[in-house]
Q: 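Below you'll find the structure I mean.
Chain identifiers are assigned alphabetically (A, B, ...) following the order of the sequence lines, protein sequences preceding nucleic acid strands; residue numbering begins at 1 within each chain.
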Amino acid sequence: MRILFIHSDFIEYRVKEKAVEAAEKFTKEWERVEDCLVSFISVERKDDENVARKAIDEIVDVAEKVNAKRLVIYPYAHLSSDLSDPETAKKILTLIELGLKDKYDVHRAPFGWYKSFTISCKGHPLSELSKQIGGEEEPEALKKETTIKTYWKILYEGNLFDIDNFDFTGYEKLRDFVSYEISGTRAVVDVPPHVKYMRSLEIADYEEGSDSGNLRYYPRGKLIKSLAENLVTNYVIDYGAMEVETPIMYDYEHPALKSYLQRFPARQYTVLSGEDRYFLRFSACFGQFLIAKDALITYKNLPLRLYELTRYSFRREKHGELVGLRRLRAFTMPDMHTFVPDIEKAKEEFLRQFKLSISVLKDFGLDLNDYEVAVRFTSDFYRENENFIKDLGSFVKKPILVQFWEEKFFYFVLKFEFNFVDNTKKAAALSTVQIDVDNAKRFNITYINENGNREYPLILHCSPSGAIERVIYAMLEKAEFMKKEGKKPVFPFWISPIQVRIIPVSEKHLEKAIEIGKNFEKEGIRVDVDDREITMQKKVREAEMEWIPYIVVIGDKEISQKILNVRDRYLDKTREIPLIDFIDELREKIRGKPVKRLNEDYLLSKRVKFV
RNA sequence: GCCACCGUAGCUCAGUAGGUAGAGCGGCUGAUUCGUAAUCAGCAGGUCGGGGGUUCGAAACCCUCCGGUGGCUCCA
């Protein structure tokens, strides 16, 4: 259904001739209504009573906003090219009329007639609005989200505070996050700064040749992304998960998948294979659940953990929501599922994964001050596990946002997220863990218990870092915060695409510079040499603009004294250190971290400029 | 999905009573061989996002599509 609202000084219409066979009988050939809200409505194919109900809510909502007492329902076919049959349209229009009659003075223009009309629009900002309601692919969960009963509190030092009574002094980012969550931000903002960096640092870029929200990654971005992926995967495997790989597209008609789709508030990409319709996965859940369903699992195998790094997960986010790396339609998500026998075990895993997520983010240079914690649960879960929730709050030693759901509508009873609040005061979720009480049954995943009987496990969904692209986004936004504080923006050493740049003072030092560079390369440190014929000032400047952590200048002095002159970005100063000691220092910094080779030429004169 | 703004050289942008394009950076060439955030000079480089229309004439005005951004809505 589509509705066009016009808040009018008056509308006047006159019935002319029949437009369709099924035209409605009418009582007034001419009508004029003063000071009213006119709703021009197209009833579309697939619209039903639910859509009518939703339409009533929308009309009431708008009427309240513009303070209208009189309503005009005006059938108007021209808003849509996918109309319902006339009988349905009449029925739904009548339902809407009846639904509004109690509270408003409702007038309705007859259906199925050509009418002349004159309307006077008030012209204030809310006087013209249009809405689209329903749509066949809209999952229940998306619609339900707007009606589900929920309330919010701040949890701090074991106490729950009303949002309005909590003093956010010193917790401004939490305040921004809360207002973003509950009311949506009102701040006037520009493009988030990470978009500028993702391009200028040659990490990622928009790709016109694809759908919006599908980005291209340049060599440096690909390197950063791979390192990030490897780090998370290593963590998860150390944690005890087994890595699997599953298809990226699934059958719309598969019964378990079909009902799961309805519980998941996201839109899908659809793929046609001949006549058959498939959707692109929006997480690794399906693939892993379908594996678990067929596996022979006993209580001795629990907790069982499956993991996949999805490249990609797809969500067809609305156009207006896509920005840079914050929100994409194709993204890389580490996704682990843990199967446990009961709620006690689930809580134990939940807490461990909570801590795992903190460790993972820390390696990306994001600590608890950089993100806000949200914990959400059903009221039932809270009643039975109040202390558990409070312990989570105590563990992070700062106030957190908690959300209560009166009923369980989604598939989980408890979840947390770590939300990054960026320079435009918008929030994006990074790590998350959920306790899923529904899907074992839905997918018929069972394990054999001590007595030889089949039982449904509980399932934890965990993305310890959140989407990899989002982690990069958070690192870039954090860099901007650093810049605002007067610090130099920089990546953690292990993930810097170039870790050491060697700058020969003049051409005659080049050979020696390359030789010194080899010592770093042997240790798995990504080093390059600026062999271009430009001034060294300029080389230093460009190295700084690329956020390279260590800039080593090689001239006569360094060659004769065998001491390196290092410009250290983390300390923001230049220091002198013997080569051996410096390499030891860097080796220590990358210990236990993923290592990858430089993903571009060692010599800057050979480099391509991508942006 | 709706509304608004934007799209000009590889990048950032200038170019409004409509008269077939400019700067800086980058690139190339030459000079300079240089000590920690921009050496100097010359040269090359443009279907003005795509398509359609108005006009003698469109980067400019209109329509439409695509892309980007912001707002609304929404965001497990």
Q: Rounded to whole angstrom, note down the C1' distance from B:rA9 over to B:rA44.
A: 11 Å
Q: When you compare B:rG27 with B:rG70, how far apart are their P atoms, in angstrom units rounded to a whole number?
A: 31 Å
Q: With rounding to whole Å, what would you report as the distance between B:rU54 and B:rG68 at their C1' atoms?
A: 28 Å
Q: Which of these passes salt bridge (charged side-chain N to carboxylate O under 4.0 Å, His left out) with A:Glu542: A:Arg501, A:Arg532, A:Lys609?
A: A:Arg532
Q: Under a 3.5 Å cut-off for both contacts, is B:rG42 paired Watson-Crick or G-U wobble with anything, and if yes, with which nucleotide?
A: B:rC28
Q: Reckon A:Val323 touches a base, only the sugar-phosphate, or nothing at all at heavy-atom distances under 4.0 Å?
A: sugar-phosphate
Q: Tell me what A:Phe610 touches on the nucleic acid: a base, only sugar-phosphate, or nothing, going by heavy atoms under 4.0 Å.
A: nothing
Q: Counting just side-chain N and O atoms, does A:Arg567 come under 4.0 Å of either OP1 or OP2 of B:rA37?
A: yes
Q: A:Phe286 and ring pair (Phe, Tyr, Trp, His ring centres under 6.0 Å): which single residue from A:Tyr252, A:Phe443, A:Tyr250 fits?
A: A:Tyr250
Q: Fit a plane to each ring of A:Phe377 and A:Tyr382, take the angle between them on a 0 to 90° scale, and name the class: parallel (under 30°), tilted (30 to 60°) or perpendicular (over 60°).
A: parallel
Q: Can A:Glu469 and A:Thr332 be counted as having a side-chain donor-acceptor contact under 3.5 angstrom?
A: yes
Q: Identify whether any heavy atom of A:Gly466 sits under 4.0 Å from a base atom; if not, whether one sits that close to sugar-phosphate; answer base, sugar-phosphate or nothing.
A: nothing
Q: With the side chain of A:Lys557 defined as its heavy atoms from C-beta on, choose the nearest nucleotide among B:rU32, B:rG26, B:rG35.
A: B:rG35
Q: What interatomic distance, in whole Å, is found between P of B:rG42 and the corresponding atom of B:rG26?
A: 15 Å
Q: Which one is paired to B:rA14, where only Watson-Crick or G-U wobble pairs with both distances under 3.5 angstrom count?
A: none
Q: Distance check, C1' atoms only: B:rG45 and B:rC6, in whole angstrom units.
A: 25 Å
Q: Any strand is fair game: report the nucleotide pairing with B:rC34 by Watson-Crick or G-U wobble, both distances under 3.5 Å, or none.
A: none
Q: Taking the ring centre of each residue, are A:Phe418 and A:Phe416 less than 6.0 Å apart?
A: yes
Q: Just to be sure I understand the rule, does A:Glu546 reach a base, reach only the sugar-phosphate, or reach nothing, if contact means heavy atoms closer than 4.0 Å?
A: nothing
Q: Would you say A:Thr535 places a side-chain N or O within less than 4.0 Å of OP1 or OP2 belonging to B:rU39?
A: yes
Q: Just to be sure I understand the rule, does A:Ser212 reach a base, reach only the sugar-phosphate, or reach nothing, if contact means heavy atoms closer than 4.0 Å?
A: sugar-phosphate
Q: For A:Glu417 and A:Asn419, does a side-chain donor sit closer than 3.5 Å to a side-chain acceptor?
A: yes
Q: How far, in whole Å, is B:rC13 from B:rC56 if one measures between their P atoms?
A: 37 Å
Q: For the pair made of CG in A:Leu322 and P in B:rG68, what is the distance, rounded to whole Å?
A: 7 Å
Q: Reading RNA chain B from 5' onward, which residue's closest nucleotide shows up sooner: A:Ile554 or A:Arg532?
A: A:Arg532
Q: Taking atom types as modelled and ignoring hydrogens, do the side chains of A:Asp335 and A:Thr310 form a donor-acceptor contact shorter than 3.5 angstrom?
A: no
Q: Specify the residue among A:Val540 and A:Ile534 whose closest nucleotide of RNA chain B lies further upstream toward the 5′ end.
A: A:Ile534
Q: Any side-chain N or O of A:Lys426 below 4.0 angstrom from OP1/OP2 of B:rG71?
A: yes
Q: Give one of base, sugar-phosphate or nothing for A:Lys415, where a contact means two heavy atoms less than 4.0 Å apart.
A: sugar-phosphate
Q: Can you tell me, in whole Å, how much space there is between the P of B:rU8 and that of B:rG1?
A: 24 Å
Q: Could you tell me whether A:Arg199 contacts a base, only the sugar-phosphate backbone, or nothing, with contacts defined as non-hydrogen atoms closer than 4.0 Å?
A: sugar-phosphate
Q: Between B:rG22 and B:rU16, how many Å separate the two P atoms, rounded to a whole number?
A: 14 Å
Q: Ignoring the backbone of A:Met545, work out which of B:rA37, B:rG70, B:rG35 is nearest its side chain.
A: B:rA37
Q: Between B:rG26, B:rA37, B:rU36, which one does the side chain of A:Glu544 approach most closely?
A: B:rA37
Q: Can you tell me whether the side chain of A:Glu542 and the base of B:rG26 have a donor-acceptor pair closer than 3.5 Å?
A: no
Q: Rounding to an integer number of Å, can you tell me how far A:Lys539 NZ sits from B:rU39 C1'?
A: 13 Å
Q: Is it the case that the base of B:rU36 and the side chain of A:Gln537 share a donor-acceptor contact (distance under 3.5 Å, atom types as modelled)?
A: no
Q: Using Watson-Crick or G-U wobble geometry with both distances under 3.5 Å, which nucleotide pairs with B:rG67?
A: B:rC6
